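Throughout, protein chains are lettered first and strands after them, A, B, ... in sequence-line order, and every chain is numbered starting at 1. Predicted model, so just to flag it, every value in this text is computed and none were measured.
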Protein chains: 4
Amino acid sequence: MPRAVREQQMMDAAVRTFGQLGYRAASMDEIAELAGVSKPLVYLYLNSKEELFTACIRREAAALVAAVQAGVESGATADRQLWSGLGAFFEHTASNPDGWAVLHRQARTHGEPFAGEVAVMRDEIVEFVTGLIGAAAREAHGGPSDRDAELLDRDVAGLAQALVGAAESLAGWANDTEGVSAKEAAATLMNFAWAGLGNLMRGVRWVPSAR
Amino acid sequence: MPRAVREQQMMDAAVRTFGQLGYRAASMDEIAELAGVSKPLVYLYLNSKEELFTACIRREAAALVAAVQAGVESGATADRQLWSGLGAFFEHTASNPDGWAVLHRQARTHGEPFAGEVAVMRDEIVEFVTGLIGAAAREAHGGPSDRDAELLDRDVAGLAQALVGAAESLAGWANDTEGVSAKEAAATLMNFAWAGLGNLMRGVRWVPSAR
Amino acid sequence: MPRAVREQQMMDAAVRTFGQLGYRAASMDEIAELAGVSKPLVYLYLNSKEELFTACIRREAAALVAAVQAGVESGATADRQLWSGLGAFFEHTASNPDGWAVLHRQARTHGEPFAGEVAVMRDEIVEFVTGLIGAAAREAHGGPSDRDAELLDRDVAGLAQALVGAAESLAGWANDTEGVSAKEAAATLMNFAWAGLGNLMRGVRWVPSAR
Amino acid sequence: MPRAVREQQMMDAAVRTFGQLGYRAASMDEIAELAGVSKPLVYLYLNSKEELFTACIRREAAALVAAVQAGVESGATADRQLWSGLGAFFEHTASNPDGWAVLHRQARTHGEPFAGEVAVMRDEIVEFVTGLIGAAAREAHGGPSDRDAELLDRDVAGLAQALVGAAESLAGWANDTEGVSAKEAAATLMNFAWAGLGNLMRGVRWVPSAR
DNA sequence: AATGAATGAGTATTCATTCAT
DNA sequence: AATGAATGAATACTCATTCAT
């Protein structure tokens, strides 16, 4: 069997094992067995547990980015692009839960070689989302006339951050709650984001009322 | 040294170690050394690694809930209560990063005894937030005149879920990002929540436009 | 509580624990708890696990010897003495299984301090039984006319040895088999011994027939 | 070195260690060192201390049964079969004291996984002996004319049980006593068994005389 | 291209034992 | 007469990794 194929088999097994058990709890024995090969072969191809995990992170990160990018309706209005991107994100993570677990949970909970690896992709996505949000903002609500761009950027970054957290939370909730589909969850999120965005653009902010 | 004191020392050490290294990577040796006691004493008082971790989760969960409840300005308007609770949440997580890491990251990435432990606390908080949001909605925007209460309830539940998820995500972001204070994070989140809530009340929703 | 009483409580607990779990598997913690005292007190009174076990062996050995001696109908015919002694042995071991386990099983399966301790008692009993058997032999079958005394002594020793093994085996069998009382088992054994003894006395022996 | 060979080496070391020190006192470290391999290899091949012990019990039980069966002179008269089987038993236990210690002493003194394992083999042997004794009885002393068959059966069962127990006890005695050969032990036992059997057949029994 | 055989370095857990009071 | 607090030393078991083929 050609090397490339074997490598993918191994990484499939590794992603599944890492995703479900975590980096430390996953054992090379288990991964090799799940991949249907002997342990030395895993080492021959992927060198060490650390490199194997890193390779998994990279592959899953690339797959997630590709899925989101492929999902975005290019040429559509910015809000529609955001919507379709969010949908693609939900779909990919839902259909590839182990990969998502590796990226979102495992890689970030274990020391430095890995967290940085994910941060790269995260920055890529945040930048992409930030671009979309920025465009959507300008398109739907006009340019930031009375607000300086820097402040807006920080808010947009905060929004992106909040969006991911909210999305993950909603995904779990939608799964566990009768009668709430992933699509509805996405719509709720979109609503949330859109309204906040609108206010942001208009310079309307909530401020603590006097006591 | 009395048992109760020693136990707290041990749990301090454990929270720090678990929070930074994760459940599996943390070793009982390390925890005992950091606590300044011998390993057998840790076992004598806390029985096993699993129970120790569970005890940490419970202590940190209780501390977080207590901090948030203490932070809420009772008697104030609902939005102000939400705001003050959020602020307390961000402040507690910022000043207690290891405890927060145990709850948010480590407990949830490792198998079932632990994830459930956190879920209990999380549900408590979600319910609390749901109450606040519901009250805020009624208070600030009037009763649900043209929308049936059931639909509103579902939206409020979704919003609460999203809000908590977003807050969790922002807590990490605020900790890691230079120049973002807990207060600012709370304000950002409040803005989004409030705007989304307002739209919700008014029946304004974002819907995918025709292609 | 006076020392002597406490010591007996501790040894009761120890015999039970050692008898059921064995020397190594029994823990001082368990023994102390079962005795209802703190561990340091056990050490204060009985010094070490080894000494505690030795003390148990001695106490149980003395009790067994005393029970058998008390059971023997002094002044009766030798066969009747043997019979009553066997009965007392069966009764004592049956009603004190943990003590018997300590002597027969545990003490002999663990290294040298202990095996020797039991050997002392065993020799005492074997000698006692040997005396009885010898007397019975002479009484019932006449002196060893045509056989030299030394050879007889060896046979008697073998018989005593076999008797103990057979007795133990029969005790277990009688306990597990419906409708076989300990007394019947003892009678069977007595028969066995008596017949063999008779032949022995008469110089009748089984020899391998030519093929 | 092929696995099968290594496994036997390990079990040799284990039988020796378990036989001399007992299940609890024997350490896997010691066994591995005695076998000339590293500890992980022992675990790789034999999984756990418990399974290793069980494997030892089974191997030694099978070896003992095989030795006895091989020793029985098939086709000979029943008494001669019994004699030769007994001789083989004493020879095997004498030349393989650690294996015998594992079976007779260690396996039975430690909890339930092990005691049952030995009981199976023991029952097999008892049944075999019962068959022989029954045959011998009929052959040498004629059918049970004046005694009902059922009563005889119970007596034969008791005798077999006692015989095996006595043999077990004598095995230890012969090993420990200068100048007692396996053959002599077998002869002694045979004498008793034969005499007891003879009396049994003839309906002669020892009964406690009136006081 | 692939594996059976093997291990050094850990990890959680337990236990007999002591000290200060 | 009695105990709460504490530990050094061991023990079963695991895992990432390599070597010879």
B/Tyr23 vs C/Ser48, nearer the 5' end of DNA chain E by closest nucleotide: B/Tyr23
Sugar-phosphate only, base, or nothing, as touched by B/Arg3 at under 4.0 Å among non-hydrogen atoms: sugar-phosphate
For E/dT17, the Watson-Crick or wobble partner whose two distances fall under 3.5 Å: F/dA6
Residue-level proximity of residues 24-35 of chain C to DNA chain F when a heavy atom falls under 4.0 Å: none
Minimum side-chain heavy-atom gap A/Leu44-A/Pro40 below 4.5 Å: no
Nearest-Å distance for atom pair NZ/C1', residues B/Lys39 and F/dT11: 11 Å
5' precedence on DNA chain F between A/Pro40 and D/Asn47 (nearest-nucleotide basis): D/Asn47
Pairwise 5' ranking along DNA chain E for D/Pro2 and A/Tyr45, keeping only the more 5' one: A/Tyr45
Between F/dT11 (P) and D/Leu21 (CG): distance, integer Å: 11 Å
Exam field: side chain D/Lys39 to backbone D/Glu33, donor-acceptor pair closer than 3.5 Å: no
Residue whose closest nucleotide on DNA chain F lies nearer the 5' end, D/Glu50 versus B/Leu44: B/Leu44
Heavy atoms of other groups near B/Arg6 CZ, more than 12 under 6.0 Å: yes
Salt-bridge present (D/Arg108, D/Glu168; N to O < 4.0 Å): yes
Range on DNA chain E touched by chain D, heavy atoms, distance below 4.0 Å: E/dA5 to E/dG10
Donor-acceptor contact present, side-chain C/Lys49 to main-chain C/Ser27, <3.5 Å: no
Pair assignment for F/dT14, Watson-Crick or G-U wobble, requiring both distances under 3.5 Å: E/dA9
Check ion pair B/Asp12-B/Arg59 (N to O, under 4.0 angstrom): yes
More than 12 heavy atoms of other groups within 6.0 Å of B/Arg122 CZ: yes
Atom pair distance, as rounded to whole Å: OH in D/Tyr43 and C1' in F/dA16: 18 Å
Side chains of C/Thr109 and C/Phe114 in contact at under 4.5 Å (non-hydrogen atoms): no
Separation between CE of B/Met28 and CE of B/Met10, rounded to the nearest 0.5 Å: 9.5 Å
